[in-house]
Protein chains: 2
Amino acid sequence: MNPSLTKKQIAQAKAYCTSERADLEVDPRVEALVNELLGRVADKWTMLVIEVLTTGGEMRFTRIAEAIGGISQKMLTQTLRQMERDGLLVRTVHPVIPPHVDYRLTKMGDSLAEAFCGVWQWAGQHLERIEKARREFDARTAK
Amino acid sequence: MNPSLTKKQIAQAKAYCTSERADLEVDPRVEALVNELLGRVADKWTMLVIEVLTTGGEMRFTRIAEAIGGISQKMLTQTLRQMERDGLLVRTVHPVIPPHVDYRLTKMGDSLAEAFCGVWQWAGQHLERIEKARREFDARTAK
DNA sequence: ATCTATACTTACCCAAAAGAGAGTGTCAGT
DNA sequence: ACTGACACTCTCTTTTGGGTAAGTATAGAT
């Protein structure tokens with residue numbers, strides 16, 4: 001898959017949602033790239049870290065782990081590194097002993113948090129309706 | 001974990017993003033529930049199916065598979081069933097031979113598509129910046 | 001001299017998720 | 001009689017995600 005992206009393709013991706021999307025043909029390569037990105041960026045732990053840092057501001061390793069609860073050191077390190085690599089957060093090492101490392105979201109990280117808000121709100125608003133739909137479906141198919 | 005949700009908790013979830021979230025204490029149970037929901041609803045294949053059905057309208061099994069590309073029958077069936085159960089799409093079986101089954105998004109499915117738009121747009125807008133961040137990170141850490 | 005705190009890394013392991021591929025039922029067409 | 005179309009379902013294998021536990025470095029406290 002081609003990792004480069006033309007201006008036109010980005011314009012398409014942007015236009016995708018804002019316009020009436022009746023017969024807008026989106027280049028499959030844009031889709032592939034955006035999906036690959038979403039797959040990495042929107043995983044469980046990343047979302048939780050974003051949430052914690054959004055509400056807590058700058059925090060250090062152990063405090064993030066406590067705030068999330070139920071994450072292993074391994075997974076937290078992994079997630080944090082990935083997010084740093086993607087430019088979603090900055091990692092500041094204070095060379096003291098014992099070690100002290102701070103994490104905070106970048107502007108891009110903040111903007112991702114905002115983008116997620118739509119989905120987050122949707123989930124809050126539709127939670128009950130989904131649970132109802134599930135109950136009905138299960139009742140229907142149990143027969 | 002308690003699967004029920006009070007009116008107050010839903011209000012909190014809704015308020016979470018719209019307000020200044022400085023020191024808004026969100027009930028951890030709301031978070032747990034919304035995350036569970038997002039985990040199921042926002043997975044890779046569900047997003048792709050929503051995308052395809054949003055642009056393509058009512059479609060049948062094989063056409064969806066073609067449009068997505070690279071999905072196994074098993075995963076498509078599984079995703080579609082789950083979405084039906086959650087009330088995101090309706091499955092219409094025409095009892096003819098060979099079988100003919102149509103899928104289309106419900107209103108709730110459409111609204112989820114809209115909610116995803118924020119993230120989708122974000123991905124389109126930040127793709128290049130992320131790729132740049134990655135290159136820089138890799139250059140930095142390769143030393 | 002030993003313990004503690006902090007932020008990791010490494011090695012090993014398991015379970016769940018996903019992919020590959022074959023099988024199923026039925027009728028219409030050749 | 002055989003093939004193909006469609007929407008699956010079943011089984012088997014591979015991949016991935018993620019947990020546990022141990023190790024590392026070093027200053028300061030006990």
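Just so we're on the same page: letters track the sequence lines, and every chain starts at 1.
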| Contact class for B/Arg63 (heavy atom, under 4.0 Å): base, sugar-phosphate, or nothing? | nothing
| Of the candidate nucleotides C/dC8, D/dT9, D/dT20, which contains the atom at the shortest distance from the side chain of A/Thr77? | C/dC8
| field | Residues B/Glu136, B/Arg140: salt bridge by 4.0 Å N-O rule | value | no
| So does B/Arg60 get a side-chain nitrogen or oxygen closer than 4.0 Å to the phosphate oxygens (OP1/OP2) of D/dA5? | no
| task | Could you work out which one of D/dA5, D/dG19, C/dT26 sits closest to the side chain of B/Ile97? | result | C/dT26
| note | Testing D/dA5, D/dG18, D/dA7 for proximity to the side chain of B/Pro99, the answer is D/dA7
| CD of A/Gln82 versus C1' of D/dG17: gap in Å, rounded? | 12 Å
| Rounding to a whole Å, what distance do you find between B/His100:NE2 and D/dA7:C1'? | 11 Å
| task | Whole angstrom is fine here: how far is it from CE in B/Met75 over to P in D/dT15? | result | 16 Å
| query | Which atom names give the shortest non-hydrogen contact between B/Tyr103 and B/Leu53, and what distance separates them? | reply | O-CD2, 3.8 Å
| Closest heavy-atom contact between B/Ala115 and A/Gly118? | CB-O, 3.7 Å
| note | note: A/Lys44, atom NZ; D/dT16, atom P; distance rounded to Å ~ 19 Å
| said: Of the listed nucleotides (D/dT9, C/dG19, D/dA7), which one gets closest to any side-chain atom of B/Arg81? | reply: D/dT9
| message | Nearest whole Å is fine: how far is C/dA20 P from B/Leu76 CG? | response | 14 Å
| field | Side chain of A/Lys74 - closest among C/dA7, C/dG19, D/dT20 | value | D/dT20
| said: OP1 or OP2 of D/dA7 versus the side-chain N and O atoms of B/Thr62: is any pair under 4.0 Å? | reply: yes
| query | Whole-Å distance between C/dA17 P and A/Asp43 CG? | reply | 15 Å
| In whole angstrom, what separates B/Gln78's CD from C/dA18's P? | 7 Å
| said: Using whole Å, what does the distance between atom C1' of nucleotide C/dG19 and atom CD1 of B/Ile68 come to? | reply: 15 Å
| query | Nearest to the side chain of B/Gln73, which nucleotide is it out of C/dG19, C/dT9, C/dA22? | reply | C/dA22
| message | If you compare all heavy atoms of B/Met108 against all heavy atoms of B/Asp86, which two are closest, and at what distance to 0.1 Å? | response | CE-O, 3.1 Å
| request: Check whether any side-chain heavy atom of A/Trp45 sits under 4.5 Å from a side-chain heavy atom of A/Leu76, and report yes or no. | output: no
| said: Just to be sure I understand the rule, does B/Gly70 reach a base, reach only the sugar-phosphate, or reach nothing, if contact means heavy atoms closer than 4.0 Å? | reply: nothing
